[in-house]
Amino acid sequence: SPDCNGPVLGFHMPDLVAKLAPLMEVKDLAQVYQSHPGRFHSTDLLEGLAAATLHRACQAIDGGSIALIAEEAGAIVSDFGGKPLKGFRDSPKRTVPNAIVAANREIHSRIVSALSQ
C-alpha cells in the first residue's frame with residue numbers, strides 16, 4: 001500500500017533501529033516478539049500494515065521472497081545504499097544482500113538517507 005503509515009520492521013537490528021527511530025516508527029521483531037508475540041510479522045508490508053521491512057543478508061527464500069513479491073506489487077527494493085538488488089540467481093549461495101523493501105519512494109528515500117548517516 002503506497003499510503004501505508006505503519007512501522008518499519010527489522011529483525012535483530014538494534015543498530016538500525018537506533019538510526020531510524022528518531023525519524024520514523026521502527027520495530028525490531030526480535031524485541032517486539034518477546035513482549036507482544038504475534039503482533040508484528042515480516043510479511044506485514046505485503047498486507048499494508050508496515051511501511052517497510054529491512055533484511056540483513058539472508059537466504060533468498062527468506063527476505064528475498066518478501067522482496068520479490070513486494071517489488072512485483074509496486075514496492076521499492078534496494079540494498080541499504082539505495083542500489084537495486086541483483087537477482088538471487090546471480091549468487092552461488094542463493095542469498096540476497098542487505099535489503100530495504102519499502103511501500104513507496106518517499107519511505108525508501110527516508111530510510112536510505114538515515115542509514116547513510
Side-chain angles (χ1 to χ4, degrees):
S1 170
D3 301 328
C4 184
N5 291 318
V8 173
L9 303 175
F11 183 78
H12 196 63
M13 300 180 177
D15 55 328
L16 301 184
V17 169
K19 282 187 168 191
L20 295 173
L23 306 169
M24 61 192 71
E25 182 183 8
V26 59
K27 302 285 183 192
D28 189 319
L29 294 174
Q31 293 176 341
V32 171
Y33 184 77
Q34 291 181 11
S35 58
H36 298 92
R39 176 125 190 259
F40 294 101
H41 303 278
S42 59
T43 57
D44 284 352
L45 175 71
L46 303 176
E47 298 177 52
L49 302 173
T53 58
L54 304 176
H55 304 272
R56 296 259 192 224
C58 61
Q59 291 294 311
I61 194 71
D62 298 323
S65 61
I66 291 171
L68 173 69
I69 293 166
E71 188 171 41
E72 288 297 313
I76 310 305
V77 177
S78 75
D79 65 15
F80 284 0
K83 293 186 169 99
L85 298 182
K86 294 181 180 178
F88 76 90
R89 289 193 168 114
D90 295 333
S91 169
K93 294 184 179 182
R94 299 288 195 249
T95 60
V96 292
N98 294 335
I100 299 168
V101 185
N104 61 51
R105 291 203 183 280
E106 178 189 344
I107 293 166
H108 180 264
S109 294
R110 288 174 54 203
I111 293 170
V112 171
S113 177
L115 295 182
S116 69
Q117 296 179 8

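Only a predicted model underlies this, so the values are computations on that prediction, with no experimental measurement involved.
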Do F11 and L9 share a hydrophobic cluster, counting only Ile, Leu, Val, Met, Phe, Trp and Tyr and linking them when any side-chain heavy atoms are less than 4.5 Å apart?
yes

Nearest 0.5 angstrom please: K19 NZ to L54 CG, how far?
11.5 Å

Could you state whether I100 and V26 fall into the same hydrophobic cluster, counting links through intermediate Ile, Leu, Val, Met, Phe, Trp or Tyr residues with side-chain heavy atoms under 4.5 angstrom apart?
yes

With sequence neighbours excluded, what pairs up with A75 under the side chain to side chain contact (heavy atoms under 4.5 Å, CB included) test?
A70, V101

May I ask you to test the L16-V8 pair for a side-chain heavy-atom distance under 4.5 Å?
no

Are F80 and I107 in one and the same hydrophobic cluster, where Ile, Leu, Val, Met, Phe, Trp and Tyr link if side-chain heavy atoms are under 4.5 Å apart?
yes

Show me the side-chain donor-acceptor pairs of residues 110-117 shorter than 3.5 Å, one per line, residues at least two apart or across chains.
residue, atom, partner, partner atom, Å
R110, NH2, L23, O, 2.8
S116, OG, V112, O, 3.4
S116, OG, S113, O, 2.8

Write down the atom of S78, the atom of H108, and the distance for their closest heavy-atom approach.
OG-NE2, 2.6 Å

Scanning both residues in full, the closest heavy-atom pair of G6 with A51 reads O-CB, 3.2 Å

Distance-minimising heavy-atom pair for D28 and V17:
CB-CG2, 3.9 Å

Is a donor on one side and an acceptor on the other found under 3.5 Å between the side chain of N98 and the backbone of A57?
yes

Test salt bridge (Lys or Arg N to Asp or Glu O under 4.0 Å) applied to E25 - qualifying residues, sequence neighbours left out
K27

Residues passing the side chain to side chain contact (heavy atoms under 4.5 Å, CB included) test with P97, sequence neighbours excluded, are L85

On a heavy-atom basis, which atom in P7 and which in F40 lie closest, and how many Å separate them?
CG-CE2, 3.7 Å

Rounded to the nearest 0.5 Å, the OG1 atom of T53 sits from the CG atom of L46 at a distance of 7.5 Å

Residues forming a side-chain hydrogen bond (donor to acceptor under 3.5 Å, both in side chains) with R105, sequence neighbours excluded
none

ILVMFWY cluster, I66 and V77 together (side-chain gap under 4.5 Å)
no

Do any pairs count as a salt bridge (charged side-chain N to carboxylate O under 4.0 Å, His left out) and have a residue in residues 48-57, sequence neighbours left out, and if so which ones?
D15-R56

